[in-house]
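This report refers to the structure that appears directly beneath it.
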Amino acid sequence: MRDAYHEELDSIGDSLVEMARLVGSAIGRATTAILDSDLKLAETVIEGDQKVDELQHELEARAITLLARQQPVATDLRIVVTSLRMSADLERSGDLAQHVAKLARLRYPARAVPHDLHATILEMGQLAQRLMAKAAEVIITKDVDLALQLEQDDDAMDLLHRTLFQHLMDDRWKHGIETAVDVTLLGRYYERYADHAVAVAKRVVYLVTGEHADELQPDIQPMTQAEGA
């Protein structure tokens with residue numbers, strides 16, 4: 001019985017990794033769709049979000065069953081409760097990738113992103129994907145230092161987000177109100193996506209140490225552009 005119990009705990013972790021990989025792929029494909037006005041690709045992201053939702057529902061059902069039947073305590077209880085919270089972060093990340101894809105679909109066949117912001121949005125999308133890949137690695141390895149690093153990596157996303165607003169506030173902005181709204185929404189989607197990746201990593205820190213991530217300091221440096229390439 002205990003072997004089956006721990007196998008079920010492991011399967012919850014496997015589902016989290018699968019969710020992280022799916023939403024990481026989704027934000028990458030959504031970014032391509034929004035920049036290239038690729039309707040078919042956007043539709044695959046929109047439809048694919050259902051798989052993420054299904055995984056979350058299955059994970060929740062297994063977790064609730066474990067809580068009811070096994071009544072876990074100490075570390076095992078922390079695993080179950082923290083996994084539920086991580087699944088919510090990952091599900092929301094999938095929703096945000098879907099929002100990017102839906103904007104691509106809404107503006108098709110036009111491009112939602114003006115040419116002079118193409119590079120910034122591309123960088124935001126690539127960074128979001130790298131952050132989620134690192135979050136997946138943290139789930140697998142339970143590496144606390146790597147988990148703490150994500151918050152530092154997220155500073156780059158915040159900087160890109162501010163760059164978008166600088167363009168929007170520039171007197172030379174010439175793309176109109178509708179595009180300004182689109183760009184504002186996109187910036188928010190990517191910024192929130194990155195926040196959820198960081199939240200997942202922080203929850204792993206709590207899972208492993210029993211302490212909140214804000215109380216600890218990482219021993220390694222944040223990701224460089226060369227490392228993320």
Going by heavy atoms in the side chains, are [X] and [Y] under 4.5 Å from each other?
X      : Y      : answer
Ile121 : Leu164 : yes
Val144 : Leu148 : yes
Ser15  : Glu58  : no
Gln98  : Lys102 : yes
Thr184 : Val181 : no
Gln70  : Glu8   : no
His167 : Val183 : no
Val204 : Met86  : yes

Rounded distance (nearest 0.5 Å) linking atom [atom1] of [X] with atom [atom2] of [Y]:
X      : Y      : atom1 : atom2 : value
Ile64  : Leu59  : CD1   : CG    : 10.0 Å
His175 : Asp116 : NE2   : CG    : 3.5 Å
Leu96  : Leu186 : CG    : CG    : 11.0 Å
Leu131 : Gln126 : CG    : CD    : 12.0 Å
Ser83  : Arg203 : OG    : CZ    : 11.0 Å
Met19  : Gln56  : CE    : CD    : 5.0 Å

* Asked: Do Ile177 and Leu185 belong together in a cluster built from hydrophobic side chains that touch within less than 4.5 Å?
  -> yes

Just by distance, do the side chain of [X] and the backbone of [Y] share a donor-acceptor pair under 3.5 Å?
X      : Y      : value
Arg111 : Leu35  : yes
Arg105 : Glu43  : no
Arg107 : Asp182 : no
Glu91  : Asp53  : no
Ser37  : Pro109 : yes

* Asked: Who are the side-chain contact (heavy atoms from CB on, under 4.5 Å) partners of Asp195, not counting sequence neighbours?
  -> Asp154, Glu191, Arg192

I need the minimum non-hydrogen distance between [X] and [Y], along with the two atoms involved.
X      : Y      : result
Ala42  : Ala33  : N-CB, 3.7 Å
Ala20  : Ile139 : CB-CD1, 4.5 Å
Met157 : Met124 : CE-O, 3.3 Å
Ala97  : Val45  : O-CG1, 3.8 Å
Val198 : Leu150 : CG2-O, 3.7 Å
Leu66  : Pro72  : O-CD, 3.6 Å

Identify all side-chain donor-acceptor contacts of residues 21-31 below 3.5 Å with residues at least two apart in sequence or on another chain.
unit_1: Ser25; atom_1: OG; unit_2: Arg29; atom_2: NE; d: 3.1
unit_1: Arg29; atom_1: NH1; unit_2: Thr44; atom_2: OG1; d: 3.0
unit_1: Thr31; atom_1: OG1; unit_2: Ile27; atom_2: O; d: 2.7
unit_1: Thr31; atom_1: OG1; unit_2: Tyr190; atom_2: OH; d: 2.7

* **side chain to side chain contact (heavy atoms under 4.5 Å, CB included) between Leu55 and Val52, intermediate numbers included** => CA-CA 5 Å; Leu55 282 169; Val52 176; 5.7 Å; no

* Heavy atoms of other groups near Glu54 CD, more than 12 under 6.0 Å -> yes

* Flag yes if more than 12 heavy atoms outside Arg85 fall under 6.0 Å of its CZ atom; otherwise flag no. => no

* To do: Hey, could you give me each pair passing ring pair (Phe, Tyr, Trp, His ring centres under 6.0 Å) that has a residue in residues 96-147? Not counting sequence neighbours.
  => His99-Tyr189

